[in-house]
4 protein chains.
Amino acid sequence: MCPRTKIQFEVMREVRRSRILEAAIECFANSGYHSVTISELAVHAGISKGLLYNYFTSKEELLKAILQEILKLMMQLFDPDQTGDLERKDLVHYLETLVTHLKSNLIQWKMYMAIFSQPAVQLILAEEIKAYSGPPLGMVEAYFRNKGCLRPDVEMAFLSTLISGVIFEYISDPENYPLDQIKDRIIQMY
Amino acid sequence: MCPRTKIQFEVMREVRRSRILEAAIECFANSGYHSVTISELAVHAGISKGLLYNYFTSKEELLKAILQEILKLMMQLFDPDQTGDLERKDLVHYLETLVTHLKSNLIQWKMYMAIFSQPAVQLILAEEIKAYSGPPLGMVEAYFRNKGCLRPDVEMAFLSTLISGVIFEYISDPENYPLDQIKDRIIQMY
Amino acid sequence: MCPRTKIQFEVMREVRRSRILEAAIECFANSGYHSVTISELAVHAGISKGLLYNYFTSKEELLKAILQEILKLMMQLFDPDQTGDLERKDLVHYLETLVTHLKSNLIQWKMYMAIFSQPAVQLILAEEIKAYSGPPLGMVEAYFRNKGCLRPDVEMAFLSTLISGVIFEYISDPENYPLDQIKDRIIQMY
Amino acid sequence: MCPRTKIQFEVMREVRRSRILEAAIECFANSGYHSVTISELAVHAGISKGLLYNYFTSKEELLKAILQEILKLMMQLFDPDQTGDLERKDLVHYLETLVTHLKSNLIQWKMYMAIFSQPAVQLILAEEIKAYSGPPLGMVEAYFRNKGCLRPDVEMAFLSTLISGVIFEYISDPENYPLDQIKDRIIQMY
DNA sequence: TATGAATGAGGCTTCATTCAT
DNA sequence: AATGAATGAAGCCTCATTCAT
């Protein structure tokens with residue numbers, strides 16, 4: 001009736017939407033995209049199946065929304081506001097941040113791996129991924145070039161390898177993987 | 001005119017079984033387990049749907065058979081006949097072998113990653129994986145201990161991290177990943 | 001416009017469930033459990049295949065539900081609220097009721113016979129049957145004992161034999177079997 | 001080559017055929033027609049699937065052959081060579097024979113009930129049954145007419161009822177049913 | 001907005017039957 | 001005659017999606 005109602009509605013919608021996303025991330029991460037049914041998602045989010053379709057037009061759209069959400073969160077780790085050149089402390093900071101993030105957002109990272117290693121999904125999101133990951137990688141390469149590396153591109157790939165490996169191993173067995181020690185071991189190298 | 005002998009039947013079965021496995025690996029690697037239908041598998045293997053069930057009692061059993069096959073192949077990389085202690089040259093040899101294997105068996109490794117990062121699958125195969133990977137890891141840790149490392153367990157985890165990373169990155173983008181250079185970079189470290 | 005209330009949903013479900021059961025009884029009685037397909041059942045009940053599974057988790061569960069329903073109905077014939085001893089008039093009453101019930105519920109009885117003579121089904125429902133039929137039989141035996149029969153157990157078995165025979169013969173050929181005359185013939189004996 | 005070979009073949013075929021029939025009766029009686037697969041039948045009969053089709057053109061033909069076999073055996077109980085009128089001793093004899101037969105051919109009778117109570121099967125065999133059962137029933141009715149019964153047809157139906165009941169009850173629970181006592185109880189009545 | 005009953009395409013699986021050897 | 005691999009129609013069941021209320 002009154003304008004406030006409209007705003008309230010929008011806030012409610014946003015809250016609801018977030019709750020659905022959150023529930024879906026958890027379900028997908030635990031059981032995989034295909035194994036989770038819309039019914040389960042609805043129950044988990046505390047709403048009805050029909051209402052879910054009021055927020056996402058299909059299961060696949062829901063997946064896309066999640067992946068973009070996650071991508072966004074991840075890319076923030078790269079300190080996109082950085083203006084000047086990358087320095088050693090930035091790398092250290094990045095690693096620290098990554099480790100912290102991994103620990104506190106395990107489910108999202110699990111989901112990230114579970115989803116992105118699916119060939120079908122990779123096709124769907126190939127462009128988004130490139131769009132996001134492009135610029136920062138260039139900065140890293142520049143960093144190694146400035147440092148006088150003979151093969152800055154290889155050095156960058158090596159760093160990517162390390163990071164992928166850390167994520168993969170930690171996610172595979174969070175209880176036993178010595179995340180902090182490995183982080184220190186890496187920092188030591190640079 | 002005469003009926004086939006038992007041996008003839010056995011040979012036929014073995015050949016057929018292998019062909020089915022091969023076709024299934026390719027399909028699963030390309031599209032993921034859930035996205036591939038039995039019909040597609042049958043077409044790809046050049047047989048009827050029904051025949052597939054003459055060789056594997058269910059789609060899940062087929063998956064298990066594949067994964068065990070792959071696990072076996074992979075574990076052979078670890079030189080399981082090794083009797084004495086691990087030496088530097090063994091590590092080098094292992095990395096060389098891994099790289100060669102990655103290049104020539106890309107599909108299997110894709111499948112390995114695509115499948116194993118699915119939470120549901122991990123549960124199914126958790127025991128098999130541990131059974132296979134347990135012993136070699138112990139030898140690697142011993143190697144680092146003998147070398148005088150302060151934290152041989154961390155060093156072993158670090159090596160695992162590197163290897164996981166290499167596999168992950170190469171599989172994600174085989175065209176552009178500098179596999180050989182990264183391998184040399186790793187050998188250099190030890 | 002307003003969503004249905006919980007009670008409305010419950011009523012809907014109950015009505016639908018009954019209709020499905022009714023349709024299934026008819027189909028199973030006419031063609032036998034195995035010969036009836038889910039598709040046929042759905043068409044007969046005027047619903048989609050999928051909906052059937054919203055009410056019964058499997059074809060076998062549907063069968064169980066039917067059989068329990070029928071068992072319940074049948075056991076009510078035995079006047080389970082009977083508190084005192086059985087008397088002659090109770091037997092007469094039982095026979096009269098049985099005959100009436102047979103005539104008006106022919107399909108259910110056909111189903112009963114068609115289903116219960118299937119070995120596989122007998123195994124499924126063995127316990128339920130015993131649980132239901134136990135107590136009343138005891139009362140019949142007591143009746144014959146009180147009447148001074150030398151072998152009340154045999155007399156009870158004889159009565160059971162007669163009843164089974166009546167049901168069997170009537171179901172086999174309802175048009176020509178002289179149900180009422182046979183009933184009178186039996187009453188005459190006691 | 002020589003004529004003896006041909007005869008031997010025929011004998012072999014007949015033996016084989018009997019073995020298949022026997023195996024099929026057992027399987028069908030235990031699990032029901034639909035639940036038994038051709039594969040199981042073949043294994044049970046000690047031959048291959050393919051060979052089975054050398055003896056019976058389809059599963060349904062096999063069923064028909066069994067049912068006719070059983071019908072033939074049963075009808076022999078009615079002393080079909082009887083030329084003169086039925087007498088009391090014939091009835092007694094019939095009951096005695098029936099009881100003996102029930103005891104020693106339990107499986108066949110189980111099969112008989114399991115199969116004949118299936119509506120679909122009844123349609124298939126309706127004519128055969130009538131062709132077989134017609135004449136003897138007439139003789140029984142004549143017997144009761146000669147005995148001065150007011151309603152010989154009802155009396156005949158009553159006897160049929162008793163017999164059906166005996167068969168049904170004995171088959172349902174051969175361990176506990178007092179077959180001999182019931183038989184005596186019936187003889188007593190006439 | 002919110003519910004869950006209802007749909008139906010499509011998946012997995014079974015099994016009677018055929019056929020090459 | 002004898003085998004069992006091979007076929008494919010048909011069955012059971014799931015689940016993303018729609019829709020009446």
Side-chain angles (χ1 to χ4, degrees), chain A residues 9 12-13 16 34-43 47-62, chain B residues 1-6 8-10 12-13 15-17 34-42 46-62, chain C residues 1-6 8-10 12-13 15-17 34-42 46-62, chain D residues 9 12-13 16 34-43 47-62:
Chain A
F9 270 148
M12 275 176 63
R13 267 194 82 80
R16 202 37 81 70
H34 282 101
S35 304
V36 177
T37 69
I38 292 285
S39 284
E40 284 167 0
L41 286 178
V43 168
I47 59 170
S48 70
K49 266 188 297 184
L51 192 53
L52 200 150
Y53 280 85
N54 206 315
Y55 288 85
F56 301 91
T57 57
S58 72
K59 194 183 177 187
E60 193 172 326
E61 283 305 315
L62 176 56
Chain B
M1 281 298 181
C2 341
R4 288 194 187 83
T5 66
K6 259 193 180 172
Q8 278 176 314
F9 276 129
E10 272 173 32
M12 279 172 63
R13 280 190 76 83
V15 169
R16 200 26 75 83
R17 202 187 122 97
H34 282 103
S35 303
V36 176
T37 69
I38 292 286
S39 281
E40 284 167 0
L41 284 177
I47 59 171
S48 68
K49 266 187 296 183
L51 189 55
L52 204 150
Y53 287 87
N54 204 319
Y55 291 85
F56 301 93
T57 55
S58 71
K59 193 184 177 186
E60 190 171 329
E61 283 305 314
L62 174 57
Chain C
M1 283 296 180
C2 341
R4 289 195 187 82
T5 67
K6 259 193 180 172
Q8 279 176 314
F9 277 130
E10 273 172 32
M12 279 172 63
R13 280 191 76 83
V15 169
R16 203 23 78 83
R17 202 186 122 98
H34 282 103
S35 303
V36 177
T37 69
I38 292 286
S39 281
E40 284 167 2
L41 284 177
I47 60 171
S48 68
K49 265 185 296 182
L51 189 55
L52 204 148
Y53 288 87
N54 204 321
Y55 291 85
F56 301 92
T57 55
S58 70
K59 194 183 176 188
E60 190 172 328
E61 282 306 313
L62 174 57
Chain D
F9 270 147
M12 274 175 62
R13 268 195 81 82
R16 193 52 72 70
H34 282 101
S35 303
V36 177
T37 69
I38 293 285
S39 284
E40 284 168 359
L41 285 178
V43 168
I47 59 171
S48 69
K49 268 188 293 183
L51 192 53
L52 201 151
Y53 280 85
N54 206 317
Y55 289 83
F56 300 91
T57 58
S58 73
K59 193 182 176 187
E60 192 172 328
E61 282 306 313
L62 175 56

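Below, chains carry the letters A, B, ... as their sequence lines are ordered, and counting in each starts from 1. Computation of the quantities below employed the complete heavy-atom set of this structure, encompassing side-chain atoms and omitting hydrogens, waters and symmetry-equivalent molecules.
For C:Ile38, the listed nucleotide lying nearest its side chain is F:dC13; candidates were E:dG8, F:dC13, F:dT7.
Among the atoms of the strands shown, none is found under 4.0 Å from any heavy atom of D:Phe56. Using a 4.0 Å heavy-atom cutoff across all strands shown, C:Val36 reaches sugar-phosphate atoms only and no base atom. Among the protein residues, B:Val15 comes within range of no part of the nucleic acid, since none of its heavy atoms lies under 4.0 Å from any strand. If you check every strand for non-hydrogen atoms under 4.0 Å, C:Arg17 touches nothing. Using a 4.0 Å heavy-atom distance criterion, D:Arg13 is classed as a sugar-phosphate-only contact.
The base of F:dT3 does not come close enough to the side chain of D:Lys49 for any donor and acceptor atom to sit less than 3.5 Å apart.
The CZ-C1' distance, from C:Arg4 to E:dG4, rounds to 8 Å in whole Å. The CD1-C1' distance, from C:Ile47 to E:dT7, rounds to 11 Å in whole Å. Going from atom NE2 of B:His34 over to atom P of E:dG11 covers 13 Å, rounded to whole Å.
OP1 or OP2 of E:dA6 lies within a sub-4.0 Å distance of a side-chain N or O belonging to C:Tyr55.
Mapping C:Leu52 and B:Lys59 onto DNA chain E by nearest heavy atom places C:Leu52 at the nucleotide closer to the 5' end.
Going from atom CZ of C:Arg16 over to atom OH of C:Tyr55 covers 5.5 Å, rounded to the nearest 0.5 Å.
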